Amino acid sequence: MRAAAISTPKLDKMPGMFFSANPKESKGTTHSLLDDKVQKRRPKTFGMDMKAYLRSVIPHLESGMKSSKSKDILSAAEVMQWSQSLEKLLANQTGQDVFGSFLKSEFSEENIEFWLACEDYKKTESDLLHCKAEKIYKAFVHSDAAKQINIDFHTRESTAKKIKAPTPTCFDEAQKVIYTLMEKDSYPRFLKSDIYKNLLNDLQANSLK
């Protein structure tokens, strides 16, 4: 079976991630959360050509080229495994990218961005924990955060206290809430979406060529 070669962008280069933004720029922003909510009411449009959209999300999807590195190969079987659990979907770099694109279409990309930021934070060296914890908190958890995640008041307050003396696990409670939210809400819709179905169909078609 042939599999399509893809490029797997590094986490720190993903557009919209909190750690690629300039903190000074976020302080000088002029738009309000109300403006963001107004923009979120715009119709969801993916363009006329779904395959073109998928190619923009995953370059070389239909190129038929094979990579010399097996980890860069995406197969239909692998994409089918994404339907087994959200855990398996997020364990795959391309799965993260495709699911992230789907969440962006639903204007809820802050959920996966926060989850990924937490995963990255857990690997942070101890002398950098305070700096990263502040960035994550200001970007996603603070009541005035530009990409505020949907967590309850208790979890928000608890996280605010924990980052004052940050440890690798200080965001675990909030991350679990967001994971559960994605698992019960966005993930089932993702599996029924054109983004997922067309990707799987394209890869299955390529395997028969």
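Everything numeric here is computed off the predicted structure, so don't read it as measured data.
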If you round to the nearest 0.5 Å, how far is [atom2] of [Y] from [atom1] of [X]?
X: Tyr187; Y: Ser193; atom1: OH; atom2: OG; value: 11.5 Å
X: Leu181; Y: Ser186; atom1: CG; atom2: OG; value: 6.0 Å
X: Ser108; Y: Glu113; atom1: OG; atom2: CD; value: 10.0 Å
X: Leu129; Y: Thr124; atom1: CG; atom2: OG1; value: 6.0 Å
X: Asp202; Y: Leu74; atom1: CG; atom2: CG; value: 11.0 Å
X: Ser75; Y: Asn206; atom1: OG; atom2: CG; value: 11.5 Å

Problem set entry | Sidechain N-carboxylate O distance under 4.0 Å for Asp120, Lys132 |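 A salt bridge links Asp120 with Lys132.
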Exercise. Under 4.0 Å between a Lys/Arg side-chain N and an Asp/Glu carboxylate O for Asp185 and Arg189?
Worked result: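 Looking at Arg189 together with Asp185, the answer is yes, because their closest N to O distance falls below 4.0 Å.
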Which pair of heavy atoms, one from [X] and one from [Y], lies closest together, and at what distance?
X: Leu191; Y: Trp82; answer: CD2-O, 4.2 Å
X: Cys170; Y: Ile163; answer: SG-CG2, 4.1 Å
X: Ala133; Y: Phe171; answer: O-CZ, 3.4 Å
X: Ile151; Y: Arg156; answer: O-NH2, 3.1 Å
X: Lys164; Y: Ala160; answer: CG-O, 3.6 Å
X: Lys104; Y: Glu109; answer: CA-OE1, 3.5 Å

Tell me whether [X] contacts the main-chain N or O of [Y] through its side chain, where contact means a donor paired with an acceptor under 3.5 Å.
X: Gln175; Y: Cys118; answer: no
X: Ser158; Y: His154; answer: no
X: Gln148; Y: Ser143; answer: yes

For this session: Could you please spell out the steps behind the side-chain hydrogen bond (donor to acceptor under 3.5 Å, both in side chains) verdict for Thr155 and Asp152?
Result: CA-CA 5 Å; Thr155 302; Asp152 59 273; 2.8 Å; yes
For this session: Could you walk me through whether Lys162 and Thr167 pass the side chain to side chain contact (heavy atoms under 4.5 Å, CB included) test, one step at a time?
Result: CA-CA 8 Å; Lys162 290 175 182 177; Thr167 65; over 6 Å; no
Are [X] and [Y] packed together at the side-chain level, in the sense that at least one heavy-atom pair is separated by less than 4.5 angstrom?
X: Asn111; Y: Asn150; value: no
X: Phe190; Y: Val98; value: yes
X: Met80; Y: Leu200; value: yes
X: Tyr137; Y: His142; value: yes
X: Phe114; Y: Lys147; value: no
X: Glu110; Y: Leu103; value: no

For this session: Could you tell me whether Gln84 atom CD has more than 12 heavy atoms of other residues or ligands within 6.0 Å of it?
Result: yes
Exercise. Stepwise, does the side-chain hydrogen bond (donor to acceptor under 3.5 Å, both in side chains) test hold for Asn92 with Gln96?
Worked result: CA-CA 6 Å; Asn92 183 276; Gln96 294 173 10; over 6 Å; no
For this session: Please step through side chain to side chain contact (heavy atoms under 4.5 Å, CB included) for the pair Lys122 and Asp172, ending with a clear verdict.
Result: CA-CA 9 Å; Lys122 293 174 185 177; Asp172 282 7; 3.3 Å; yes
Problem set entry | Stepwise side chain to side chain contact (heavy atoms under 4.5 Å, CB included) test for Leu90 and Tyr179 | CA-CA 10 Å; Leu90 295 179; Tyr179 181 91; 3.9 Å; yes
